[in-house]
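Only a predicted model underlies this, so the values are computations on that prediction, with no experimental measurement involved. Counting starts at 1 for both ligands and their atoms, in listed order.
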Amino acid sequence: MIIFDYMEKYDYEQLVFCHDETSGLKAIICIHDTTLGPALGGTRMWTYDSEADAIEDALRLGRGMTYKNAAAGLNLGGGKTVVIGDPKKDKSEELFRSLGRFIQGLNGRYITAEDVGTTVEDMDIIHEETRFVTGVSPAFGSSGNPSPVTAYGVYRGMKAAAKVAFGDDSLKNRVIAIQGVGHVAYSLCKHLHDEGAKIIVTDINKENVDCAVQEFGAEAVHPEEIYDVECDIFSPCALGAIINDETINRLKCKVVAGSANNQLKEERHGDLLEEKGIVYAPDYVINAGGVINVADELLGYNRERAMKKVEGIYGNILKVFEIAKRDGIPSYLAADRMAEERIEKIRKTRSNFLQNERSLINFNLK
Ligand SMILES: NC(=O)c1ccc[n+]([C@@H]2O[C@H](COP(=O)([O-])OP(=O)(O)OC[C@H]3O[C@@H](n4cnc5c(N)ncnc54)[C@H](O)[C@@H]3O)[C@@H](O)[C@H]2O)c1
Ligand SMILES: CC(C)C[C@H](N)C(=O)O
């Protein structure tokens, strides 16, 4: 990959390579766009096959956060960190403190939180070195693990998508097939079970499946069978790129609505879902509950205020489909348009000179 060509193509601001010999830290911090505010996005720890893969992931995920934060109505730009390493073997206090110092060095242009491979405990260590971290333990006045809140947002967005597809947002007796029943989907199952939905789950981790079967009366299927099950809603809550040429013609659902990031392998798969008459709830709109919740820490965490905003994911999904109808485009493009329109409007609104610009973020509270 020619890095500057890629950065120019998608208008990236900054890419930071972090190395620390003592801790073995090798990390990449991507800041995509800070028009709306400092870039907020999680830290992913993963065993990448190559450095090129890690750079590409940081770039792709950082840009995704710009769209997610903008569409969620947050005063935040988008960024992400990737740490090259095995989260099961390579974590240490010195590694996360070292990362915290690099983040502190960016002086608030980038704020981190949890992502795949990192936990509240890791954020607590980063917090030793920088205040530009969220998703820290409630003991610090912070919001803690974002997953249950992400799940609540997905539940709200799923109801909105059901309203678009079926004209009724009730999930009672709806058959919902969930791929991956980890942190987010476990909490999602609770909401669905409480509303009387029929749940089908799969996971490569048998313990997670057993738990969903016992606690929520879910039916279990083999991971490869999940694409073929007859259902109302298919909910991808494991991996990205699962809507692809191999899976798309197998889907027997009316709605795709789940927490996984980057569900469409390529944009054209969003067009194909539209052609098949499947209502697709764009991933970064429906899964924004976690970032909405951690972002509230920057104002002085107030759970009630944060949850009210997460409830709003219902309305955000409906708005996406209004734009899709207005402009005659598929929902994934409508979501992009919604985010881009907001960024452009705020860019213009804030372009005049102000002697004392008001900061929308209060870092001193942490
Ligand atoms: N945690 C959050 O707050 C949050 C916020 C936004 C987006 N997301 C996204 O939602 C998804 C789930 O996040 P999570 O925090 O629950 O992660 P998790 O790791 O706790 O859960 C993922 C689950 O998927 C399972 N899985 C992996 N590969 C699979 C496969 N091929 N088939 C079936 N199951 C498989 C794993 O065993 C695991 O149980 C991820 O894509 C993540 O990026 C999470
Ligand atoms: C800030 C984090 C809670 C973000 C989360 N990992 C996401 O992808 O939305």
Visitor: Give yes if a backbone or side-chain nitrogen or oxygen of Ser147 is under 3.5 Å from a nitrogen or oxygen of ligand 1, and no if not.
Guide: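 The answer is yes, given that Ser147 and ligand 1 share an N or O pair closer than 3.5 Å.
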Visitor: Taking heavy atoms and a distance under 4.0 Å, where does Glu224 meet ligand 1: side chain, backbone, both or neither?
Guide: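 Answer for Glu224: neither.
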Visitor: Using ring centroids (six-membered ring only for Trp), state whether Tyr155 and Tyr314 fall under 6.0 Å.
Guide: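 So the answer is no for these two rings.
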Visitor: Is there a polar contact between ligand 1 and Ser259, counting only N or O atoms under 3.5 Å apart?
Guide: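 Right, the criterion is met.
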Visitor: What is the closest protein heavy atom to atom 7 (C) of ligand 2, and at what distance does it sit?
Guide: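 Ranked first by proximity to atom 7 (C) of ligand 2 is Lys68 NZ, 3.2 Å.
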Visitor: Applying ring-ring contact (aromatic ring centres under 6.0 Å, His included) as the test, list every pair that has at least one member in residues 80-110; sequence neighbours left out.
Guide: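 Every pair satisfying ring-ring contact (aromatic ring centres under 6.0 Å, His included) with a residue in residues 80-110: there are none.
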Visitor: Pairs of nitrogen or oxygen atoms closer than 3.5 Å, one from Lys68 and one from ligand 1: do any exist?
Guide: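 Between Lys68 and ligand 1 (N or O atoms, distance only) the closest approach is not under 3.5 Å.
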Visitor: Output yes when the distance from some N or O of ligand 1 to some N or O of Thr202 is under 3.5 Å, and no in every other case.
Guide: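 Thr202 vs ligand 1: no N/O contact under 3.5 Å.
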Visitor: What residues form a side-chain hydrogen bond (donor to acceptor under 3.5 Å, both in side chains) with Asp33, not counting sequence neighbours?
Guide: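 side-chain hydrogen bond (donor to acceptor under 3.5 Å, both in side chains) list for Asp33, sorted by chain: Thr35.
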Visitor: Heavy-atom pairs closer than 4.0 Å: do any link ligand 1 to the side chain of Cys237, the backbone, both, or neither?
Guide: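 For Cys237, only backbone atoms sit under 4.0 Å from ligand 1.
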Visitor: Pairs of nitrogen or oxygen atoms closer than 3.5 Å, one from Val184 and one from ligand 1: do any exist?
Guide: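 Checking ligand 1 against Val184, an N or O pair does fall under 3.5 Å apart.
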Visitor: Within the structure, does Asn287 bring an N/O atom to less than 3.5 angstrom of an N/O atom in ligand 2?
Guide: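 Between Asn287 and ligand 2, no N or O pair is found under 3.5 Å apart.
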